[in-house]
Amino acid sequence: MNLYFKTLSKQTKSLCRACSVTFGSKDFSVAVEHCGSRNAHHLFEKSPRRDPLAYNNLLFEYSRNGLNHEALTLFAGLGRYGFSVDGLTLSCTLKACGCLFDQLSGKRVHCQCVKSGFLGDVSVGTSLVDMYMRTEGVRDGRKVFDEMREKNVVSWTALLAGYAQNGLHDSAVELFFQMQVKGVKPNPLTFVTVIGALANRGVVEEGSQIHTTVIKSGYESSTFVCNSLITMYSKSGGIRDARVVFDNLDSRDAVTWNSMIAGYVKNGLDLEAFRMFYLMNLAGEKLTQPLFVTLIKSCANLKKLCFARQLHCRVLRCGLEFDPNIRTALMVAYGKCTEMDDAFKMFSMMQGVRNVVSWTAMISGYLQNSAMERAVNLFCQMSREGVRPNDFTYSIILTAQPSISVLQVHAQVVKVNYDRSPTVGTAMLDAYIKTGNIKEAAKVFKLIDGKDIVTWSAMLAGYAQVGEIDGAVKIFLKLAKEGIRPNEFTFSSVIHACAGPTAAAEQGKQFHTLSIKTRLNNALCVSSALVTMYAKRGNIESANEVFKRQWERDLISWNSMISGFAQHGQGKKALQIFEDMRRKQIKMDGITFIGVISACTHVGLVDEGQRYFEMMVKDQHISPKMEHYSCMVDLYSRAGKLENAVDIINGMPFPAGAAVWRTLLAACHVRRNLELGKFAGEKLISLQPQDSAAYVLLSNIYAAAGNWQGRAVVRKLMDERKVKKEAGYSWIEVKNKTYSFLAGDRSHPMAEHIYSKLEELSFRLKDMGYQPDTNYVLHDVEDEHKAAILSQHSERIAIAFGLISTPAGTPIQIVKNLRICGDCHNVIKLISLIKRREIVVRDTNRFHHFKGGVCSCGDYW
DNA sequence: ATAGGGTTAG
């Protein structure tokens, strides 16, 4: 018989016609083996005698070989001939329905099960559960399961797998514990399924519990089960645990090695992945297709061109060069290594087998190499060649700003119904945020179906960027309410929002606490954001505490700490951090030096500042930008060396911008240098005719010199150009609420109180010999009036309010949107002495810590 | 196999 079928396979058709052999049921598996399933069907149809058993067996073979359509057709035939079906056939047919997502046929088979009395059969019941789970949500499958009289491990596993596949990972895990309570022992497949569910949920706690159950059940050395444990641990960040499982295994298969190496890649330990790969080669394990993909990805992460090329060679040697996945992975790797020519070569060789994915990968490569135009061209060409962009394509092309119009892409996205997709929607809202259109971004956000953590974080970051703290905090609370777990990026953004001037100081601390509870506080981006937040919120000690405890540091945390200390006037500490950074040979950038030079500026270390500037250019090979020149101008001019400042401007390799002139102008104001001030002011006004600060500073310089005519000219110019002076605000936070005050503000319900406090203060100040420095008043009025105007500056009102609404001895914190004036600076020093309060004022430029009559800036700011 | 979110200066 065997031989007969062997011959048959060669000339099936002709022989079939000729043959009149009766087929025994068992012979079918032989037939399928030799002829392939399709031919077996053909063979069977031609056969003069068809018995029901043979039919059933053929169906089994179809199902086993994944020929689902054939199985369904055959099942219909069974009914036509009136052949009886057995439980196995029903199960196989149900499986085919499930695989084809054909619920209609599935329901028909369900009826058959009822009619033929097989519903009580465990296998049939289980197959029904599985079919409903695949074609419908979990509800119908659950119903069948609950109605089953008898249930075994397989039924439980089917149910559990159904929950997991429908994304209900928590319920799947719960079922796992329930089945054990019912005395059903999990089998290897159960373990693999539940471990997979856990891995997709990303939690380790129950993971180790289930690991213990694996050991107790005696599957400790099952390669199948342990492979999934490795994946689970590496997905939830427990790469070390994954390695322990790996090391304890006696027999490892290709999947074991692949999972372990993929785990290292997923956790960003690409070098470790390659070490593992080396060990794998020593162990004699063969390279398989998925591992090629993983390793090539890893090359892309490492940007190691030579590794990629070596792997490319091995791909050729293994004859896998036509595998589309490997090709795409190689293209991506070349793109990441900035070898766009090589990537394009691979892409053009793919003619004929190019699909959306390879197009998208290519476009993405150009975008990463900032070749916006080429990316956009490719995007257009793709559409011309009839390849339709998918959600991935749209989400990357939206980053091609400003080469594309967000509005146009948005319109196209709506047309193809991708506007509700989380990836495309998120990319779109981010694109709107980048164009500053937060309203449109919020609209897009609302429409997105199934918002995930990335979507929420993007929206939160948007609010943080435009300084809408309340919006940011609201988003955070909302996502938490919806049961979404915030991740490190979410915390990083919300903490960033709390660094803004109007955020309550407590709020930042609360998010810090929350990040500790969720164990995300040590993530690099979170700890960096915390350093920045505390430094900006005036709590330099906490900033330093977080900085010291950081597990790892990036350039941003170093930079934040340096500029933090600089702003608080602790120049020496800023420089210590910098020297530490230099000793550890950490790569620095231009921003590091902005911090360092401004640290020197705030403590008046002119020569050191000069030295660091030279170090930046000569040792670090960082070419100075506009910002560095304004720092240098600031350094000299605050020390009163206006000539050196002018020399710097004259020696610049490009024309000085507004920032540089503004710095010089401010210095001229402090130093009362009318001539230079006029020059700088005119330059600034010509560069930024709408900048109110320019006019105000210049008119103040005229006023200070008693040149009322000059001042009037500037004022007139300001009126003509409709430039409004920015109003001076001060904020103070009392009991988690932020209060803001304008100069002369009487809108607060406690205004009476506040003003009597101010009066009381002015008496005490006079007693101490205080004389108002009326040079800081812009108005052309009598001295008496000037004093009154000074005493009503917004920061003083805020302080008075702080004094009456907080208990004695508590520190007062004020935030100002303008720079503090010299007279207020004197007054606050005295208040800190009289009232024995520590007062911290953050202006646009730096922090002033007033205590016992002195300020941390040493009157140098 | 391809994708979307974050942190730094004045």
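Below, each value reflects all heavy atoms present in this structure, side chains not excepted, and no hydrogens, waters or symmetry copies. So you know, we letter chains A, B, ... as the sequences are listed, proteins then strands, and number each from 1.
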A:S493 vs B:dT7: side-chain N/O to OP1/OP2 distance below 4.0 Å
no
With respect to the side chain of A:F489, which nucleotide from B:dT7, B:dG5, B:dA1 is positioned closest?
B:dG5
Nearest to the side chain of A:V357 - B:dG5, B:dA1, B:dT8?
B:dA1
Starting at NZ of A:K451 and ending at C1' of B:dG5, how long is that distance when rounded to a whole Å?
15 Å
Identify which nucleotide among B:dT2, B:dT7, B:dT8 has an atom closest to any side-chain atom of A:V332, counting heavy atoms from C-beta outward.
B:dT2
Side-chain atoms of A:A361 come closest, of B:dG5, B:dT2, B:dA9, to B:dT2
Once you round it to whole Å, what is the distance between C1' of B:dA3 and OH of A:Y418?
12 Å
Mark yes or no for a side-chain to base donor-acceptor pair under 3.5 Å between A:D452 and B:dG4, with no hydrogen or angle criteria applied.
yes
Is the shortest side-chain N/O distance from A:H602 to OP1 or OP2 of B:dG10 below 4.0 Å?
no
Separation of A:D323 atom CG from B:dA1 atom C1', in whole Å?
9 Å
Hey, is A:R549 close enough to A:E545 for a salt bridge, meaning N to O under 4.0 Å?
yes
Going by atom types only, do A:N301 and A:S298 share a side-chain donor-acceptor pair under 3.5 Å?
no
When all nucleic acid strands are considered with a 4.0 Å heavy-atom cut-off, which category describes A:Q567: base, sugar-phosphate, or nothing?
sugar-phosphate
Whole-Å distance separating the CD1 atom of A:I326 from the C1' atom of B:dT2:
16 Å
Side chain to side chain, A:I363 and A:M382, heavy atoms closer than 4.5 Å:
yes
Once you round it to whole Å, what is the distance between P of B:dG10 and CD1 of A:I562?
12 Å
So, does A:K625 get its side chain near the phosphate of B:dA9, meaning an N or O under 4.0 Å from OP1 or OP2?
no
Compare the minimum distances between each of B:dG4, B:dG6, B:dA3 and the side chain of A:P422, then state the nucleotide with the smallest one.
B:dG4
Pair A:T328-A:N325, side-chain donor/acceptor within less than 3.5 Å
no
Winner on side-chain proximity to A:T360, out of B:dT8, B:dT2, B:dG5, is B:dT2
Select base, sugar-phosphate, or nothing to describe what A:S630 touches, counting heavy atoms under 4.0 Å on all strands.
nothing
Given B:dA3, B:dA1, B:dG4, which nucleotide is nearest the side-chain atoms of A:P324?
B:dA1
Measure CZ/A:F392 against P/B:dG5 and give the value in whole Å, please.
14 Å
Within the structure shown, what part of the strands sits under 4.0 Å from A:A529 by heavy-atom distance: base, sugar-phosphate, or nothing?
nothing
Of the listed nucleotides (B:dG4, B:dA3, B:dT8), which one gets closest to any side-chain atom of A:S364?
B:dA3
base_contact_polar (B:dG4 base, A:D391 side chain, donor-acceptor, <3.5 Å)
no
Return the orientation label for the A:W558 and A:F547 ring planes: parallel under 30°, perpendicular over 60°, tilted otherwise.
perpendicular
What contact category does A:Q289 fall into here, base, sugar-phosphate, or nothing, at under 4.0 angstrom with non-hydrogen atoms?
nothing
What does A:T455 touch in the nucleic acid at a heavy-atom separation under 4.0 angstrom: a base, only the sugar-phosphate, or nothing?
base
Any donor-acceptor pair under 3.5 Å joining the side chain of A:N390 to the base of B:dA3?
no
Could you tell me whether A:I591 contacts a base, only the sugar-phosphate backbone, or nothing, with contacts defined as non-hydrogen atoms closer than 4.0 Å?
base
Separation of atom CD in A:Q368 from atom C1' in B:dT2, rounded to whole Å
10 Å
Which part of the nucleic acid, if any, lies within contact of A:S395, taking any heavy atom under 4.0 Å across all strands shown: a base, the sugar-phosphate backbone alone, or nothing?
sugar-phosphate
Over 60° means perpendicular and under 30° means parallel, so classify the ring planes of A:H312 and A:Y334, tilted if in between.
tilted
Protein-nucleotide distance (A:H568, atom NE2; B:dA9, atom C1'), rounded to Å:
14 Å
Is any side-chain nitrogen or oxygen of A:H496 closer than 4.0 Å to OP1 or OP2 of B:dT7?
yes
Which part of the nucleic acid, if any, lies within contact of A:V293, taking any heavy atom under 4.0 Å across all strands shown: a base, the sugar-phosphate backbone alone, or nothing?
sugar-phosphate
Using ring pair (Phe, Tyr, Trp, His ring centres under 6.0 Å) as the criterion, point out the one residue from A:F489, A:F445, A:F491 that pairs with A:W456.
A:F445
Select one nucleotide: of B:dG10, B:dT2, B:dG5, the one nearest the side-chain heavy atoms of A:S598.
B:dG10
